Amino acid sequence: MDRYLVFGHPVRHSKSPFIHTLFARQTQQELEYGLAEPAVDEFAHALRTFFDQGGKGCNVTVPFKEQAFTLVDCLSPRAKRAGAVNTIKLTDDGVLLGDNTDGAGLVADLKSHGVTLADSRILLLGAGGAARGVLAPLLAELPSELVIANRTHTKAQLLAAEFHDLGPVTSQTYEQLAGPFELVINSTSASLQGALPPLAPALIHTDIAIYDMMYGASDTAFISWAKQHGARQTMDGLGMLVEQAAEAFTVWRGIRPGTKQVSRELKRNLGVI
């Protein structure tokens with residue numbers, strides 16, 4: 001049976017085995033999917049060993065995405081642009097192909113919620129690996145402007161300059177931000193600590209869409225804060241998790257699984273519904 005893994009540290013909380021098991025059942029694909037949590041300095045060895053022992057593909061999550069970028073044999077255009085790899089496939093000719101499905105997953109989830117990206121003014125909070133992975137797919141949707149804000153403004157400036165050839169992307173300090181924005185995406189991990197990015201409440205209005213890439217059994221701190229200030233459409237990263245997994249499954253197996261029922265099952269598993 002074909003073997004797949006998700007590499008991360010920590011990774012025991014990952015819902016990827018649950019998701020991919022449902023995808024395999026739905027598409028009648030014979031595979032098994034497990035977890036691997038090597039020490040941070042042992043990832044390269046663990047990755048090589050997995051494929052040497054017959055592994056077919058893997059997902060890569062924190063903190064190994066940038067390292068995976070350097071360990072594969074070739075890169076997809078979107079992985080090359082993102083500077084990070086979250087999906088690896090062993091091709092039929094023995095080549096390790098690195099891909100990045102995060103941005104495609106985010107865009108698919110936003111569209112499934114009816115969010116309009118074309119001609120919209122988008123605010124992206126954070127300038128780390130999560131932001132880098134979604135910038136190109138977001139800009140491909142032709143927003144009127146995409147503004148990056150980050151606590152360290154220099155990082156936001158550098159990121160905006162790197163992706164400027166793909167569309168109207170700029171950077172601002174949190175203090176400089178002026179609305180209106182149609183969509184705010186929080187790519188920071190602040191919600192994992194129950195913290196908030198320093199965003200002015202005045203930027204929140206009833207018609208804004210709020211997206212937090214983090215998720216949990218209840219609203220993240222950022223979503224709770226946005227609701228308190230009048231946001232009516234809020235989304236967490238659970239849908240992005242499922243959609244990027246579906247994209248990875250398609251890379252591996254050449255068949256696209258449906259995501260709606262899997263999302264419902266995942267929410268039940270987490271106790272969200």
Side-chain angles (χ1 to χ4, degrees), residues 59-61 65-66 68-69 72 74-89 97-150 155-172 177 180-188 208-214 233 235-252 254-260 263:
N59 288 127
V60 182
T61 188
K65 291 183 182 183
E66 287 77 17
F69 181 87
V72 296
C74 63
L75 296 162
S76 72
R78 56 190 178 183
K80 190 176 296 185
R81 194 77 214 213
V85 160
N86 79 332
T87 300
I88 300 176
K89 174 185 178 178
L97 169 66
D99 201 352
N100 191 307
T101 65
D102 284 333
L106 172 63
V107 169
D109 193 37
L110 287 166
K111 289 183 175 181
S112 76
H113 284 92
V115 177
T116 299
L117 299 173
D119 297 320
S120 293
R121 192 162 182 253
I122 300 172
L123 173 59
L124 179 62
L125 307 179
R132 172 183 291 278
V134 302
L135 266 171
L138 284 171
L139 289 168
E141 297 297 318
L142 304 179
S144 61
E145 184 183 16
L146 194 155
V147 178
I148 304 170
N150 190 60
K155 288 187 68 176
Q157 287 178 307
L158 291 171
L159 196 57
E162 183 177 339
F163 283 82
H164 194 262
D165 62 306
L166 298 184
V169 56
T170 61
S171 66
Q172 293 181 11
L177 291 173
F181 292 98
E182 283 75 46
L183 170 64
V184 178
I185 301 169
N186 181 22
S187 78
T188 75
I208 202 168
I210 298 292
Y211 197 100
D212 194 338
M213 288 190 191
M214 302 298 108
Q233 184 176 19
M235 298 150 281
D236 67 15
L238 202 60
M240 176 182 172
L241 175 68
V242 176
E243 294 291 348
Q244 67 81 23
E247 186 78 7
F249 192 92
T250 306
V251 170
W252 294 328
I255 184 170
R256 181 86 186 186
T259 55
K260 289 184 179 180
S263 291

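Atom set for the values below is all heavy atoms of this structure, side chains included, hydrogens, waters and symmetry mates excluded. What you see is a predicted model, and the numbers here were worked out from it, not measured in a lab.
Here the straight-line distance linking atom CG of D212 with atom CE of M235 works out to 10.5 Å at 0.5 Å rounding. How far CG of L135 is from CG of L159: 5.0 Å, rounded to the nearest 0.5 Å. The distance from the CG atom of D102 to the CD atom of Q244 is 5.5 Å, given to the nearest 0.5 Å. Interatomic distance, R121 CZ to S144 OG, rounded to the nearest 0.5 Å: 7.5 Å. One distance of note links CD1 of I208 with CZ of F181; it measures 8.0 Å at 0.5 Å rounding. Between the CG atom of N150 and the CD atom of Q172 there is a distance of 13.0 Å, given to the nearest 0.5 Å.
Under the 4.5 Å side-chain criterion, counting only non-hydrogen atoms from C-beta, I122 is not in contact with E141. S263 is not listed as a side-chain neighbour of L241, based on a closest heavy-atom distance of 4.5 Å or more. Counting heavy atoms from C-beta outward, V115 and L183 have side chains that approach closer than 4.5 Å. Within the 4.5 Å cutoff, the side chain of L97 has heavy atoms near those of the C74 side chain.
Taking the side-chain contact (heavy atoms from CB on, under 4.5 Å) definition, one finds that A149 meets it with L123, L125, Y174, L177, sequence neighbours left out. In this view, A130 and S187, M213 satisfy the side-chain contact (heavy atoms from CB on, under 4.5 Å) rule, not counting sequence neighbours. Not a single salt bridge (charged side-chain N to carboxylate O under 4.0 Å, His left out) links K155 to another residue, sequence neighbours left out. Every residue two or more places apart in sequence or in another chain that forms a side-chain contact (heavy atoms from CB on, under 4.5 Å) with A136 is listed here: R81, F163, L166. The side-chain hydrogen bond (donor to acceptor under 3.5 Å, both in side chains) search around T170 returns E145, not counting sequence neighbours. Among residues two or more places apart in sequence or in another chain, the side-chain contact (heavy atoms from CB on, under 4.5 Å) test is passed with H164 by V169.
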Quick one, D119 with L142, criterion side chain to side chain contact (heavy atoms under 4.5 Å, CB included). Give me CA distance, side-chain angles, the key distance, then yes/no. CA-CA 6 Å; D119 297 320; L142 304 179; 5.8 Å; no
Side chain to side chain contact (heavy atoms under 4.5 Å, CB included) evaluation trace for V134 with I185: CA-CA 10 Å; V134 302; I185 301 169; 5.7 Å; no
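One N or O on the side chain of K89 and one on the backbone of V251 form a donor-acceptor pair closer than 3.5 Å. No donor-acceptor pair under 3.5 Å is formed between the side chain of T87 and the backbone N or O of N59. Side-chain atoms of Q233 come within 3.5 Å of backbone atoms of H113 as a donor-acceptor pair (strictly under, hydrogens ignored).
Contact record, E66 with G129: OE2-CA, 4.1 Å, taken as the closest heavy-atom pair. For A131 against A127, the heavy-atom pair with the smallest separation is CB-CA, 4.0 Å. Shown here for N100 and V85, the closest heavy-atom pair between the two residues is ND2-N, 4.3 Å. Of all heavy-atom pairs spanning S120 and P143, the tightest one is O-CB, 3.2 Å. The shortest non-hydrogen separation linking E243 to G105 is CB-O, 3.4 Å. Of all heavy-atom pairs spanning P137 and A104, the tightest one is CG-N, 4.1 Å.
Applying the side-chain hydrogen bond (donor to acceptor under 3.5 Å, both in side chains) test between N86 and each of D99, T101, T61 identifies T101 as the sole match. Under the side-chain hydrogen bond (donor to acceptor under 3.5 Å, both in side chains) rule, Y211 has a single partner from N186, D109, D236, which is D109.
One finds a salt bridge joining E247 and R78 here, because a Lys/Arg side-chain nitrogen approaches an Asp/Glu carboxylate oxygen to under 4.0 Å.
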